[in-house]
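Written below as C-alpha cells is the structure these notes are about.
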Amino acid sequence: MTTTPALPGLIIVRHPLVQHKLTILRDRRTPTKIFKELVDEIAMLMAYEATSDLALEPVEVETPLERMTGWRVSGKKLTLVPILRAGLGMVEGILKLVPSARVGHIGLYRDHETLEPVDYYFKIPADAGERDFLLLDPMLATGGSAVAAINSLKTAGAVRIRFLCLVASPLGVARVRDAHPDVPILCAALDRELNERGYILPGLGDAGDRLFGTR
Ligand code: PRP
Ligand code: URA
C-alpha cells in the first residue's frame with residue numbers, strides 16, 4: 001500500500017485505487033448509490049493499511065500434506081466506531097475484511113451556527129481498555145467532531161485509537177493532533193482549507209447528505 005507520512009501522526013493513503021475512487025466520490029454528479037458503494041470500497045482499501053499491525057496469534061492448521069503453525073488475527077479485539085451518520089458508510093467495507101470486529105456507535109452532529117459538535121448517542125463494547133479502536137468518519141473538517149468522539153472513547157476507557165477518514169483539512173488534523181497526539185490519523189486526501197461554513201475545499205460536500213440522499 002502506498003502511504004505518505006505527511007505530518008507527524010498523519011498518514012495519507014495514496015494507493016492508486018483509493019485516489020481514483022476518491023475523485024469519482026468528489027464529483028458532484030455522482031449519484032447516491034455509487035457514492036455509497038465508493039465510500040464502502042475506499043474504507044475497505046484504507047482498512048488494509050489501518051490494520052497492518054494488528055496482533056496475530058499462532059494457530060495450528062492441517063494442510064493436505066502436513067500440520068503447521070499458521071497465524072490468525074485476534075479480530076474480536078478490533079472495534080469499529082462510526083461517527084453517525086456519515087461514518088456508517090464506512091463500516092460494511094471494513095467488516096468484509098474483519099468480519100469478527102465489533103461495532104460501537106457515536107452520535108454527533110455539527111451545530112450549523114457554531115460548528116460545535118452536539119452529542120446524542122454513545123455505545124461501545126465493554127472492556128474498552130483491551131480493544132483496538134478504529135474511529136470512522138469520512139470528513140475531518142474543523143476537527144470538533146473527531147476530538148469530541150475521541151474524548152468520549154477515552155472517557156470510556158479506550159487507549160488504542162486510530163482515526164480513519166477520507167478527506168481531512170489542515171485545521172482538523174492540527175486540532176486532533178493537539179488534543180490527542182497519541183491518535184494516528186489516516187486519510188485519503190489532505191485538502192486545502194475550510195470555507196466560511198466549515199466545509200472542506202475542494203472536499204466532496206456534505207458526506208451524510210450525499211450518502212443518504214437527504215438534502
Ligand atoms: C459531518 C461529518 C463529521 C463532521 C465533520 O457530520 O460526517 O462528523 O461533519 O465536521 P467537523 O470536523 O467540523 O466536526 P455532520 O455534523 O454534518 O452530521 P451528519 O453526519 O449527521 O450529517
Ligand atoms: N462535514 C461534511 O460532511 N463535509 C464537509 O466538508 C465538512 C463537514
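In this text the structure is predicted, and so the values were computed from the model without any measurement. Order of appearance sets the numbers: ligands from 1, and atoms from 1 within every ligand. For reference, positions follow the sequence shown, starting with 1. Values below: every heavy atom of this structure, side chains too, minus hydrogens, waters and symmetry copies.
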Is [Y] close to [X] at the side-chain level, that is, under 4.5 Å between some pair of heavy atoms?
X: Glu41; Y: Leu17; answer: no
X: Val13; Y: Leu186; answer: yes
X: His105; Y: Leu88; answer: yes

Check your understanding: For ligand 2, which atoms, with element, lie under 4.0 Å from some heavy atom of Ala207?
Key -> 2 (C), 3 (O)

**Study point:** Residue Gly198 vicinity, atoms of ligand 2 by number, heavy atom under 4.0 Å
**Key:** 7 (C)

Around [atom], find the nearest protein heavy atom and jot down its residue, atom name and distance.
atom: atom 5 (C) of ligand 2; result: Tyr199 CD2, 3.4 Å
atom: atom 5 (C) of ligand 1; result: Met139 O, 3.6 Å
atom: atom 10 (O) of ligand 1; result: Arg110 CD, 3.2 Å
atom: atom 14 (O) of ligand 1; result: Ser145 OG, 2.6 Å
atom: atom 6 (O) of ligand 2; result: Ile200 N, 2.8 Å
atom: atom 17 (O) of ligand 1; result: Asp206 OD2, 4.2 Å
atom: atom 4 (N) of ligand 2; result: Gly205 O, 2.8 Å
atom: atom 22 (O) of ligand 1; result: Arg85 NH2, 2.9 Å

Check your understanding: Does some non-hydrogen atom of the protein lie less than 4.0 angstrom from atom 1 (C) of ligand 1?
Key -> no

Practice item. Answer yes if a protein heavy atom lies under 4.0 Å from atom 19 (P) of ligand 1, otherwise answer no. Key: yes

Practice item. Please report the C-alpha distance between Phe133 and Leu80 in whole Å, then the side-chain angles of each, then the deciding distance to 0.1 Å, and finally whether the side-chain contact (heavy atoms from CB on, under 4.5 Å) criterion is met. Key: CA-CA 6 Å; Phe133 287 89; Leu80 313 181; over 6 Å; no

Practice item. Have a look at ligand 2 and work out which part of Ala141, if any, has a heavy atom under 4.0 Å from it: side chain, backbone, both or neither. Key: side chain

Exercise for review: Only one of Val39, Ile34, Asp40 passes side-chain contact (heavy atoms from CB on, under 4.5 Å) with Glu37; say which it is.
Suggested key: Ile34

Review point. Do Asp127 side-chain atoms and Glu130 backbone N/O form a donor-acceptor pair below 3.5 Å?
Key: no

Point to revise | Gln19 side chain vs Ala188 backbone, donor-acceptor pair below 3.5 Å | key: yes

Review point. Does Ser169 come within less than 4.0 angstrom of ligand 2, counting non-hydrogen atoms of the residue?
Key: no

Review point. If you measure from each heavy atom of Arg110 to ligand 2, is any distance below 4.0 Å?
Key: yes

Check your understanding: Can you list the ligand 1 atoms lying under 4.0 Å from a non-hydrogen atom of Ala86?
Key -> 7 (O), 20 (O)

Exercise for review: Consider every N or O of Asp137 and every N or O of ligand 1, then say whether any pair is closer than 3.5 Å.
Suggested key: yes

Review point. Can an N or O of Thr142 be found at a distance shorter than 3.5 Å from an N or O of ligand 1?
Key: yes

Check your understanding: Rounded to the nearest 0.5 Å, how far does OG of Ser169 lie from CG of Leu140?
Key -> 5.5 Å

Review point. For the atom pair CD1 (Ile106) and OH (Tyr120), what is the distance rounded to the nearest 0.5 Å?
Key: 11.0 Å

**Study point:** Contact (N/O only, under 3.5 Å) between Gly208 and ligand 2
**Key:** no

Practice item. Might you work through the salt bridge (charged side-chain N to carboxylate O under 4.0 Å, His left out) test for Lys96 and Glu92, ending with a clear yes or no? Key: CA-CA 6 Å; Lys96 282 179 202 147; Glu92 288 305 318; over 6 Å; no

Point to revise | Min heavy-atom dist Pro138 to ligand 1 below 4.0 Å | key: no

Check your understanding: Applying a strict 4.0 Å limit to heavy atoms, is Leu115 in contact with ligand 1?
Key -> no

Practice item. Evaluate the salt bridge (charged side-chain N to carboxylate O under 4.0 Å, His left out) criterion for residues Arg162 and Asp132: first the C-alpha distance (whole Å), next the side-chain angles of each, then the deciding distance (0.1 Å), finally the verdict. Key: CA-CA 8 Å; Arg162 268 157 222 225; Asp132 288 295; 5.8 Å; no

Exercise for review: Please work out whether any backbone atom (N, CA, C, O) or any side-chain heavy atom from C-beta onward of Ala207 is under 4.0 Å from ligand 1, and answer side chain, backbone, both or neither.
Suggested key: neither

Exercise for review: Apply salt bridge (charged side-chain N to carboxylate O under 4.0 Å, His left out) to Lys154 and Asp182, showing your working.
Suggested key: CA-CA 11 Å; Lys154 287 186 173 174; Asp182 57 312; 2.8 Å; yes

**Study point:** Ion pair Arg110/Glu116, N-O distance below 4.0 Å
**Key:** no

